[in-house]
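Since the structure comes first, as structure tokens, the remarks are kept for the end.
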Amino acid sequence: MADDPFTTFKKQAEEALRKALAELKAESPIVLDKAPSGMGDLAFPCFPLAKQLRKAPDAIAKDIASRIQPHDMIDKVDSKAGYVNFSVSFDRLAKSTLNEAIARKGDYGSPERKKPTRILVEHTSVNPTGPIHVGRARNPIIGDTLARILRHAGYRVDTEFYVNDVGRQVVMMTWGVKHLTADAKPERDKDDYRYVLFYQKANKVLEEKPELEKEIGQMLYNLEHGDPETVRLTHEVCERVLAAITDTLSRLNIRIDNFTWESRFVADKSVDRIIERLKGSEFCHEEGGAYFLELESFGIAGRETKWFFTRADGTSVYTTRDLAYHMDKFTRTDTAVNILGEDHKLAMQELAAALSIIGVEKKPEIVYYAFVSLPEGKMSTRKGIVVNLDDLVDEAMERAYEEVKKRRTDLSEDKMRDISRIVGIGALRYNIARVQAEKQIVFKWEDALNFEGTSAPFIQYAHARACSILEKAGDWDRGSSERRFDTDYERALVKMIASFPTVVSECAEYRKTHVLAVFAQDLAAQFNQFYRFVPVLKAEGPARDARLALVEASMWTLRNALNCLGIEAPTEM
RNA sequence: GGGCGUGUGGCCUAGUCAGGAUAUGGCACUUGCCUCCUAAGCAAGUGGUCAAGGGUUCGAAUCCCUUCACGCCCGCCA
């Protein structure tokens, strides 16, 4: 597979170092750092070699540098303060990078050939018992972004929502729908808001009349044993709430490929088969009719190392069904990636242990995220301290509209609304995607709807500027072989564009969305400097063509990075 | 009590996996720049014991140990 030019440069530098070190009879892993600006592009520190060679690091660096002849992508090798510094052949890098970006357009950053590996990204999977709130919004945004990145990195990706239509919460809601009447108006004319009222009321009624617990238990039993009426009603209610939830997600540019219903694994008896297999395990014990695995030897620690996989009445628990689901998943994919809240860590450890016990080698890979809280504390639907995702989306679009109106007087109402939607949703997604998943975040309106600095609009704005130049440029010579760039602004921008393929594959490999978000921000900042200091349309001759090529390559790179983040790139704003 | 995660200027944050050259950006604050390709921008400035302590190393935000703070978990719930 052909590497991008910067990777080729890096490999050539590594190879040259390998040879030089062999000549010196020195042994060292070859790790290249990014050199500080003005000292080349890649740096090799020679300090670890000092003891081995009994020479000063600086002398070693000098020696190594003198043994490496510049060739192909390596333009210059020199040494300074114990480092061997490599400079890339800039003209070659610029030429192939820009040609590639301009030729491949929306595919720039993606490998020429698709990878055969299938990856199934399970995300969101919230209980279909009510609207999604901001605390849970991290899940679909991280999941969808990761899926987009993996796709751009060349994998065959499917996204999946696991619909929990079996557990107690769903039964509570369905029981409420069957036996209660709503006594409040839903906050929105949407099924998730309508049905959550039944769920909430059922919980309240049960608190007041604990004797109804038996009825709930019976319904749960009926559901799990395939009672047609219970199954039908539950499924219908869940389906409606689910449809409403996916409507909310689609507002954030999130579309899910598959929905797998948990009840399927109960109905097709795969859960029963797993229970039987687990019962045959040496780790299995029984207590009052309920079965559990003793998982202490699997690294499970805490007060309780038992994992119960059946209730006393023989019915399955959540993780047991999840086990059946994962076994099904592995028949359909090579790699399973799950996006989960950090509260699922123990359950996933138990699931991994159980998979080992029944002899399944594959394990799901999990991306955990910490919860989003509000300044006044934990989000809680019951206590009413909650921000619904729909409200956040509305507010984002509304605030973006105010900003558009401030700046543009020449646009039609429709156009302004369209830009507001793109900018508002972008700001929202960006603010989630930009932060490492493991960091807990406190939701603040002013951060979530930030339109300047580190934000989607900042990146979108750079893209719109690029589009504006290209639109005004008229005809220019795209095939020009001479592309000279003399300013640091241009050269730095070219190098950033050249690094995009590597950034995408690293984000994919490490399952990190925030790295791409940071890259997009840096690229936009670099483009804005270029825009400010280097005239494009007023330039003449080959310089103009070269700069236009740089603008076009920037535009595609910004657009592709935004697309990986699930953020639309408006041509004007 | 135990397990896992997080801790970087007033606030948010990158860098931590693979230790390397003056610790990245942003917000806020101060000050400049729109007869010039869109000022959602650019430039300059103020602000840091990288939670604390110890250790390893030529070199530690990064690795090891201890402590502290915060979050999540330790259900026959999901």
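Because the structure is a prediction, the values reported are computed rather than measured. Labels below follow one simple rule: chain letters A, B, ... track the order of the sequence lines, proteins then strands, and each chain is numbered from 1.
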Self-check item: Separation of atom CZ in A/Phe298 from atom P in B/G3, rounded to whole Å
Solution: 20 Å
Practice problem: Look up atom CG in A/Leu558 and atom CD in A/Gln521, then write down how far apart they are to the nearest 0.5 Å. | Solution: 11.0 Å
Quiz item: With a 4.0 Å cut-off on heavy atoms, is A/Thr315 in touch with a base, just the backbone sugar-phosphate, or nothing at all?
Solution: nothing
Quiz prompt | Candidates B/C42, B/G75, B/C37 - which lies nearest the side chain of A/Val536 | solution = B/C37
Exercise. Taking only the side-chain nitrogens and oxygens of A/Lys439, find out if one of them lies under 4.0 Å from OP1 or OP2 of B/G5.
Key: no
Practice problem: Scan nucleotides 65-72 of chain B nucleotide by nucleotide, 5' to 3', and note B when protein non-hydrogen atoms come under 4.0 Å of the base, S if they reach only the sugar-phosphate, - if neither. | Solution: -----SBS
Exercise. Rounded to whole angstrom, note down the P distance from B/G71 over to B/C27.
Key: 30 Å
Self-check item: Distance-only polar pair, side chains of A/Glu122 and A/Ser125, donor-acceptor under 3.5 Å
Solution: yes
Quiz item: When the P atoms of B/G2 and B/C63 are considered, how many whole Å apart are they?
Solution: 23 Å
Please set out all donor-acceptor pairs under 3.5 angstrom arising from side-chain atoms of residues 528-539 of chain A, sequence neighbours excluded.
unit_1   : atom_1 : unit_2   : atom_2 : d
A/Asn528 : OD1    : A/Arg465 : NH1    : 2.9
A/Asn528 : ND2    : A/Ala524 : O      : 3.4

Quiz item: For A/Cys467, which of A/Met555, A/Lys472, A/Glu572 qualifies under side chain to side chain contact (heavy atoms under 4.5 Å, CB included)?
Solution: A/Met555
Exercise. For A/Val166, report the nucleic acid contact type (base, sugar-phosphate, nothing); a contact means any heavy atom under 4.0 Å.
Key: nothing
Quiz item: Rounded to whole angstrom units, what separation is found between the CD atom of A/Glu365 and the C1' atom of B/C17?
Solution: 14 Å
Quiz item: NA contact type, A/Ala464, heavy-atom cut-off 4.0 Å: base, sugar-phosphate, or nothing?
Solution: base
Practice problem: Find the distance A/Glu213:CD to B/G75:C1' and express it as a whole number of Å. | Solution: 14 Å
Quiz item: Can the ring centroids of A/Phe519 and A/Phe500 be said to lie less than 6.0 angstrom from one another?
Solution: yes
Quiz item: Given B/C73, B/A21, B/A78, which nucleotide is nearest the side-chain atoms of A/Leu346?
Solution: B/C73
Practice problem: Look at all strands and tell whether A/Phe451 reaches a base, only sugar-phosphate, or nothing, counting heavy atoms closer than 4.0 Å. | Solution: base
Exercise. State which of B/C58, B/A78, B/A40 makes the closest approach to the side chain of A/Lys51.
Key: B/C58
Quiz prompt | A/Glu403/A/Arg407 under salt bridge (Lys or Arg N to Asp or Glu O under 4.0 Å): CA gap, chis, key distance, verdict | solution = CA-CA 7 Å; A/Glu403 296 297 321; A/Arg407 296 161 220 272; 2.4 Å; yes
Exercise. Decide whether A/Asn222 and A/Gln218 meet the rule of one side-chain donor and one side-chain acceptor closer than 3.5 Å.
Key: yes
Practice problem: Determine the contact category for A/Val372: base if any of its heavy atoms lies under 4.0 Å from a base atom, sugar-phosphate if only primed atoms, P, OP1 or OP2 are that close, otherwise nothing. | Solution: nothing
Exercise. Can you label the angle between the A/His225 ring and the A/Tyr221 ring as parallel, tilted or perpendicular, going by 30° and 60°?
Key: parallel
Quiz item: Of all of residues 283-295 of chain A, which get a heavy atom below 4.0 angstrom from RNA chain B, listed by number?
Solution: A/Glu287, A/Ala290
Self-check item: Span that lies between the C1' atom of B/G26 and that of B/A40, in whole angstrom
Solution: 14 Å
Practice problem: Could you say whether A/Glu572 or A/Arg311 is positioned toward the 5' end of RNA chain B, judged by the nucleotide with the nearest heavy atom to each? | Solution: A/Glu572
Quiz prompt | Residue pairs, two or more places apart or on separate chains, that pass salt bridge (Lys or Arg N to Asp or Glu O under 4.0 Å) and touch residues 284-294 of chain A | solution = A/Glu287-A/Lys306
Quiz item: Counting side-chain heavy atoms from CB outward, which of B/A14, B/U6, B/G41 is closest to A/Glu438?
Solution: B/U6
Practice problem: Output yes when at least one side-chain N/O atom of A/Arg407 is less than 4.0 Å from OP1 or OP2 of B/C34, else no. | Solution: no
Self-check item: Nucleotide nearest A/Val317 (side chain, heavy atoms from C-beta), chosen from B/C37, B/A21, B/A78
Solution: B/A78
Quiz item: With a 4.0 Å cut-off on heavy atoms, is A/Ala43 in touch with a base, just the backbone sugar-phosphate, or nothing at all?
Solution: base
Quiz item: Which residue lies toward the 5' end of RNA chain B, A/His514 or A/Pro535, if each is placed at its nearest nucleotide?
Solution: A/His514
Practice problem: With heavy atoms under 4.0 Å as the rule, sort A/Asp447 into base, sugar-phosphate or nothing. | Solution: nothing
Quiz item: Counting only distance, no hydrogens or angles, is the base of B/G1 paired donor-acceptor with the side chain of A/Arg303 under 3.5 Å?
Solution: yes
Quiz prompt | Whole angstrom value for the distance that separates C1' of B/A40 from CD of A/Gln521 | solution = 12 Å
Quiz item: Taking the side chain of A/Thr454 as its heavy atoms from C-beta onward, which of B/G25, B/C77, B/A40 lies nearest to it?
Solution: B/G25
Exercise. Could you work out the separation of B/G47 and B/U30 based on their C1' atoms and round it to a whole Å?
Key: 12 Å
Self-check item: A/Phe283 and A/Phe292 aromatic centres sub-6.0 Å
Solution: no
Quiz item: In whole Å, what separates the P atom of B/U8 from that of B/G3?
Solution: 24 Å
Quiz item: If you check every side-chain atom of A/Pro48, which of B/C76, B/C42, B/C58 has the closest atom?
Solution: B/C58
Quiz item: Which is true for A/Gly302 with a 4.0 Å heavy-atom rule: it touches a base, it touches only sugar-phosphate, or it touches nothing?
Solution: base
Exercise. Kindly say whether, by distance alone, the side chain of A/Arg532 makes a donor-acceptor pair under 3.5 Å with the base of B/C42?
Key: no
Quiz item: So does A/Asp165 reach the base of B/A78 with its side chain, donor to acceptor, closer than 3.5 Å?
Solution: no
Quiz prompt | salt bridge (Lys or Arg N to Asp or Glu O under 4.0 Å) partners of residues 51-61 of chain A, not counting sequence neighbours, each pair once | solution = A/Lys55-A/Asp63, A/Asp58-A/Lys62
N/O donor to acceptor pairs below 3.5 angstrom from side-chain atoms of residues 29-42 of chain A, sequence neighbours left out:
unit_1  : atom_1 : unit_2   : atom_2 : d
A/Asp41 : OD1    : A/Lys495 : NZ     : 2.7
A/Asp41 : OD2    : A/Val88  : N      : 2.8

Exercise. Taking only the side-chain heavy atoms of A/Tyr531 (C-beta and beyond), determine which of B/U8, B/A40, B/A39 contains the nearest atom.
Key: B/A39
Quiz prompt | Side-chain N,O (A/Lys538) to OP1/OP2 (B/C36) below 4.0 Å | solution = no
Quiz item: Can you check the A/Leu449 CG to B/C27 C1' distance for me, whole Å?
Solution: 15 Å
Quiz item: Any side-chain N or O of A/Gln436 under 4.0 Å from OP1/OP2 of B/A14?
Solution: yes
Quiz item: Rounding to the closest angstrom, what is the interatomic distance between B/U67 and B/C73 at atom C1'?
Solution: 22 Å
Practice problem: Determine if the base of B/C34 is syn or anti; take syn to mean the glycosidic torsion is within 90° of 0. | Solution: syn
Quiz item: Between B/A21, B/G41, B/U13, which nucleotide has the shortest distance from any of its atoms to the side chain of A/Asn85?
Solution: B/A21
Quiz item: Using the P atom in both, what is the distance from B/G53 to B/G9, to the nearest Å?
Solution: 15 Å
Quiz item: Ignoring hydrogens and angles, are the base of B/A18 and the side chain of A/Tyr510 linked by a donor-acceptor pair under 3.5 Å?
Solution: yes
Self-check item: A/Asp322 and A/Phe265, any side-chain heavy atoms less than 4.5 Å apart
Solution: no
Quiz item: Any salt bridge between A/Glu398 and A/Lys405, counting N to O under 4.0 Å?
Solution: no
Practice problem: Give the nucleotide from the list B/C42, B/A78, B/A18 with an atom nearest to the side chain of A/Val31. | Solution: B/A18
